[in-house]
Amino acid sequence: MGTERKRKVSLFDVVDEPSAKIAKSNGLGLTGMNANSSINKWNGRPYSQRYYDILEKRKTLPVWQQKEEFLQVLRANQTLVLVGETGSGKTTQIPQFVLDAVDIETPDKRRKMMIACTQPRRVAAMSVSRRVAEEMDVTIGEEVGYSIRFEDCSSARTVLKYLTDGMLLREAMTDPLLERYKVIILDEAHERTLATDVLFGLLKEVLRNRPDLKLVVMSATLEAEKFQGYFNGAPLMKVPGRLHPVEIFYTQEPERDYLEAAIRTVVQIHMCEPPGDILVFLTGEEEIEDACRKITKEVGNMGDQVGPVKVVPLYSTLPPAMQQKIFEPAPPPVKEGGPPGRKIVVSTNIAETSLTIDGIVYVIDPGFSKQKVYNPRVRVESLLVSPISKASAHQRSGRAGRTQPGKCFRLYTEKSFNNDLQPQTYPEILRSNLANTVLILKKLGIDDLVHFDFMDPPAPETLMRALEVLNYLGALDDEGNLTKLGEIMSEFPLDPQMSKMLVVSSEFNCSNEILSVAAMLSAGMCLRLSSATVLSGFHAPVGMHHRISKQVLMQIVSVSQYSLMKQMVSPCLEAQKAADEAKARFGHIDGDHLTLLNVYHAYKQNNEDQSWCYENFINHRALKAADNVRQQLVRIMSRFNLKLCSTDFNSRDYYVNIRKAMLAGYFMQVAHLERTGHYLTVKDNQVVHLHPSNCLDHKPEWVIYNEYVLTSRNFIRTVTDIRGEWLVDIAPHYYDLENFPQCEAKRVLEKLYRKKEKDREESRNRR
DNA sequence: GAGCACTGC
């Protein structure tokens, strides 16, 4: 871990100084250190700077004072770019202005049209619409509503609808000209989600075909000119934010170990700075839990010369009940008149945009985050710890100024900030597997992907890969046109492989079961039931003994058990027992997919009972989510008259059919066990290892896998045993030996093809 | 035998 962090930090030019020396002068052993001298180090820096230019802000009027100007510009233009920092009130105000400005009746006066305001996140769509409904004094779901997956809170009377960007994209699939809308507002456009980027290109075309439609693009400052350029020089309006000034500090030298530096900075702030809570940005769960422990320990070591602290971790996979802790107040002084307490939140990027914590005065920004990257050559998405962008750093520092003037400590040099950080985070569309996106584009009628007007065009190789995958799946024909199958597949909110598996499952007489497997996978379930999972607590580095494996916490243990287990003195044995029991109960030796199916069946057989879940180490919340997904998938299946059916459970084919149906979707994600004892992915010939979380009791010759995870090694996770014969039966077009790299798997396949040929001849002769 | 940033449909 330590060495890895060093490697990451070296992305900023690290001074070649032994880490020991740094640790000695600035290290964690702060006891007895002169507090004031350490704080002066940053207070006295000549290069500390105020980031927000307050004078410039005064030049711009607040959003509610610019209404008339806004209405004029909107009336005169089809597209308008509106720039506003967090706290400008644009998300609630602008849609209400629009409502006043435009005639929402169709020209023939026969029906009303709506104003759509998109948000990247469900919670935002919901909470903002509620607030606006309240401001307008209407009932939510009536004139003002929202629409998110699983929940449509709108009616025939709705004129202003908040919805997620993904939802609007789905709507476009059935209503290509978005004819029910008069104005579309794309909010938080600077976040550049996949859906927002597709909507950009799509809306640009729709605007040409619908002169009556208007588009408002709302974004934070930094990329406004780019949006303006993209939308043919649309006028740009600015509204100021209402953030307090935040003072930015940089380190004089690059930090060798950002985790250590972050902890040191927390302790220094706590010793020397006035009251106010601290927010620390780190990259992932493990790092965060580690930091929390170390901070608690460090502060504890200092005794009662400093105030008490409440250290709170925050990341998305934390149960909601635990996430709530970030809103609890800082602890009171230990004794009356003693030093005040402080809340310290250690968080992933989730606190950068999705979650807002009031009362934060100090932000510590080490300059890194985990980012998704896609390698089209091996078709793998992975997470990489990378330096953040300037925009992201700006966003992070802004978190310090929500309630009062704040300070942000950047654990990198000002030179690094200026020279090394790229201005913007790469948009998601440049970092993702686009198979699903291409399928949606095709369904939207975009035939020429190469000339589609992407704001940032993806790499041609990524598009080629996506087209290739869709062609192998039968969603596109050889000319790249959407097939009937592809059309059905595009309706499922799933990856193309999974949609394919589902659509063909009726033919394998197991659609009921495949629905459950798909729902479980889609709800993010990958059960880790092996005892080794739990045992990791023992094998963890010194100081981590009391830590329970996160898999146990999140995947098989319910929320209420989480707090319980955190308090246990030696939870490892308990957790191991729990996992062993769970595995004994639900594990299926043929694979993890089937184990997921077992868990789902058991859950249903026990009437979705919460206490049953608790007793059986099942995460009730996750199962409920899976059930929700399943219902949605069933509705889509019925819409296309896809039969819901099962093989007799007592039949030998029950599991065989399920495995075959899975293969029909996942034939491109197969690995073969070589004589060396290693697995090689088929065709790509990547060496991979079965993730130790798997439930198999043997190493099958062929496996399908759901995920390819690049971490310390190349792992395939959620794997199921399949048979070589099925490959040549179910996906001969992919297992076409003419077009196959030389390898052991090829020789085995050759044999299988010969055998198949022989069998065919024999049966012919018998006739 | 290991370790999943964050969304969304």
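A note on names: the letters A, B, ... follow the listed sequences, proteins ahead of strands, and every chain is numbered from 1. No experiment lies behind these values; they were computed from the predicted model shown.
Rounding to the nearest 0.5 Å places CZ of A:Phe368 at 11.5 Å from CG of A:Leu259.
Spacing between atom CG of A:Leu194 and atom P of B:dT7 amounts to 16 Å, rounded to whole angstrom units. A:Arg192 places its CZ atom 16 Å from the C1' atom of B:dT7, with the value rounded to the nearest Å. A straight line from CZ of A:Arg630 to C1' of B:dC9 spans 19 Å, rounded to a whole angstrom. Between the P atom of B:dT7 and the CD atom of A:Glu428 lies a distance of 12 Å, rounded to the nearest Å. Rounded to an integer number of Å, the gap from A:Leu169 CG to B:dC9 P is 11 Å. Spacing between atom CG of A:Leu383 and atom C1' of B:dC6 amounts to 9 Å, rounded to whole angstrom units. Regarding A:Gln323, its CD atom lies at a distance of 8 Å from the P atom of B:dT7, rounded to whole Å.
Which of B:dA2, B:dT7, B:dC9 sits closest to the side chain of A:Ile350 comes down to B:dT7. Distance from the side chain of A:Arg121 is smallest to B:dT7 among B:dC9, B:dA2, B:dT7. With distances taken from any side-chain atom of A:Ser316 to the nucleotides B:dT7, B:dG1, B:dC9, the minimum falls on B:dT7. The listed nucleotides are B:dG8, B:dG1, B:dC6; the one nearest the side chain of A:Thr348 is B:dC6. Closest to the side chain of A:Pro692, from the set B:dC9, B:dC6, B:dG1, is B:dG1.
Among the heavy atoms of the strands lying under 4.0 Å from A:Phe715 are primed sugar atoms or P, OP1, OP2 only; no base atom is included. Nucleic acid contact class of A:Thr193 (heavy atoms, under 4.0 Å, all strands): none.
When all heavy atoms are compared, the tightest approach of A:Ala518 to A:Leu633 is CB-CD1, 4.2 Å.
There is a side-chain donor-acceptor pair under 3.5 Å between A:Tyr258 and A:Glu287. Under the 3.5 Å distance criterion, with hydrogens and angles disregarded, a donor-acceptor pair is assigned to the side chains of A:Thr193 and A:Thr196. No donor-acceptor contact under 3.5 angstrom links the side chains of A:Arg192 and A:Gln424, judged on distance only.
At the phosphate of B:dA2, OP1 or OP2 sits under 4.0 Å from a side-chain N or O atom of A:Arg713. Look at A:Thr353 and you won't find any side-chain N or O under 4.0 angstrom from OP1 or OP2 of B:dT7.
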